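Below is one structure, written out as structure tokens; comments come after it.
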Amino acid sequence: QTQQQRDDLQSRLAELESQHAAADKSRSAELATVLGDMEIVRQEHKTLTAAMVQQQKAAEQSLEAATARLEQTLEQTKQRGHDQAAELAQQVDELNNVLTTRVAAAELNKAVAELAAAHTQREALELQLAEAETGKAAEVAAMASHLHAA
């Protein structure tokens, strides 16, 4: 009878070890899936960040180009002004300065708005990423705790 009990206990132990190994394998697979999802989120964050940086650079280049055009316009206005009579040159300079200032202000406002929109979009995406990473981290921690407890 003792031999029978020992055999039963060994059989039960083997069954429990098999169940434990299966549970560990399942948890490992779930953890690998979560880690894979987290990597996808990281890669998407990198892609979005690169796109936002590109948008910001494009807005800065647009602003630089507008500034260069304004400087060129101002230089051309000055050259024409020197060729004309002093009174006419003064009037042309005043008019061009007013127009140049308005164009520059409009283009600058547009560039600032584009930069602000890109920044806002970036902050929203970073917040979404942080929320996603927090959720994934909590799931991983819960799984790790569950695995440790098991």
Side-chain angles (χ1 to χ4, degrees), residues 1-81 92-150:
Q1 187 176 11
T2 303
Q3 182 62 36
Q4 179 61 37
Q5 288 174 342
R6 184 177 295 144
D7 289 347
D8 288 347
L9 287 175
Q10 286 180 343
S11 174
R12 180 68 180 140
L13 178 61
E15 181 182 328
L16 287 173
E17 287 174 345
S18 174
Q19 290 174 356
H20 185 69
D24 281 348
K25 185 176 180 181
S26 174
R27 286 184 199 114
S28 294
E30 290 173 8
L31 182 58
T33 299
V34 168
L35 292 175
D37 290 347
M38 287 178 67
E39 184 58 29
I40 289 170
V41 168
R42 278 192 209 97
Q43 291 302 322
E44 288 176 355
H45 177 257
K46 283 183 183 178
T47 300
L48 292 173
T49 299
M52 289 182 341
V53 167
Q54 188 65 25
Q55 287 176 345
Q56 187 174 359
K57 285 181 182 178
E60 289 171 357
Q61 288 173 348
S62 175
L63 180 59
E64 289 172 4
T67 301
R69 286 192 306 271
L70 291 173
E71 289 173 354
Q72 182 181 15
T73 300
L74 181 59
E75 186 61 34
Q76 290 171 351
T77 300
K78 286 180 182 179
Q79 289 174 3
R80 282 193 307 263
V92 169
D93 283 343
E94 289 173 6
L95 180 58
N96 280 328
N97 285 337
V98 169
L99 293 175
T100 300
T101 301
R102 287 183 183 169
V103 170
E107 290 183 3
L108 182 59
N109 285 340
K110 180 182 175 185
V112 167
E114 289 173 357
L115 285 172
H119 184 71
T120 300
Q121 182 183 13
R122 178 180 178 182
E123 287 179 347
L125 292 173
E126 287 176 347
L127 180 61
Q128 288 175 359
L129 177 63
E131 290 171 354
E133 288 180 345
T134 300
K136 292 294 181 183
E139 289 179 26
V140 171
M143 284 184 207
S145 175
H146 187 67
L147 282 174
H148 186 63

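All values below were derived from every heavy atom in this structure, side-chain atoms included, with hydrogens, water molecules and symmetry-related copies excluded. This is a predicted model, so every value here is computed, not measured.
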Practice item. Take L70 and V103, measure what side-chain contact (heavy atoms from CB on, under 4.5 Å) needs, and give me the verdict at the end. Key: CA-CA 8 Å; L70 291 173; V103 170; 4.1 Å; yes
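- Side chain of S11 to backbone of D7: no donor-acceptor contact under 3.5 angstrom is found.
- Applying the salt bridge (charged side-chain N to carboxylate O under 4.0 Å, His left out) test to pairs two or more places apart or on separate chains, those with a residue in residues 109-122 are R122-E126.
- From M38, atom CE reaches atom OG1 of T33 across 13.0 Å, with rounding to the nearest 0.5 Å.
- When the side-chain contact (heavy atoms from CB on, under 4.5 Å) test is applied to E30, the partners found at least two apart in sequence or on another chain are S26, M143.
- Not counting sequence neighbours, Q72 has no partner by the side chain to side chain donor-acceptor pair (under 3.5 Å) test.
- Partners of E123 by side chain to side chain donor-acceptor pair (under 3.5 Å), not counting sequence neighbours, listed by chain and number: H119.
- Under the 3.5 Å distance criterion, the side-chain polar atoms of S62 are left unmatched by any main-chain donor or acceptor of A58.
- The minimum heavy-atom distance linking A111 with A59 is given by the pair CB-O, 4.4 Å.
- Remark: R6 engages T2, Q3, Q10 in a side-chain contact (heavy atoms from CB on, under 4.5 Å) (not counting sequence neighbours).
- Of all heavy-atom pairs between A118 and M52, the closest is O-SD, 4.2 Å.
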For residues 127-142, dump all side-chain donor-acceptor pairs below 3.5 Å to protein atoms at least two apart in sequence or in another chain.
from : atom 1 : to   : atom 2 : distance (Å)
T134 : OG1    : A130 : O      : 2.7
K136 : NZ     : D37  : OD2    : 3.4

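- Within the structure, the salt bridge (charged side-chain N to carboxylate O under 4.0 Å, His left out) test picks out the following pairs touching residues 49-72 (sequence neighbours left out): R69-E107.
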Side-chain atoms of residues 41-51: list all donor-acceptor pairs with protein atoms under 3.5 Å, sequence neighbours left out, distances to 0.1 Å.
from : atom 1 : to  : atom 2 : distance (Å)
R42  : NH1    : E39 : OE1    : 3.1
Q43  : NE2    : E39 : OE2    : 2.8
T47  : OG1    : Q43 : O      : 3.0
T49  : OG1    : H45 : O      : 2.8

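- Under the salt bridge (Lys or Arg N to Asp or Glu O under 4.0 Å) criterion, R102 pairs with no residue at all, not counting sequence neighbours.
- Taking E17 as the reference, nothing meets the salt bridge (Lys or Arg N to Asp or Glu O under 4.0 Å) condition, with sequence neighbours excluded.
- Within the 4.5 Å cutoff, the side chain of L74 has no heavy atoms near those of the N96 side chain.
- Rounded to the nearest 0.5 angstrom, D93 CG and T77 OG1 are separated by 7.0 Å.
- How far CG of L108 is from OG1 of T67: 7.5 Å, rounded to the nearest 0.5 Å.
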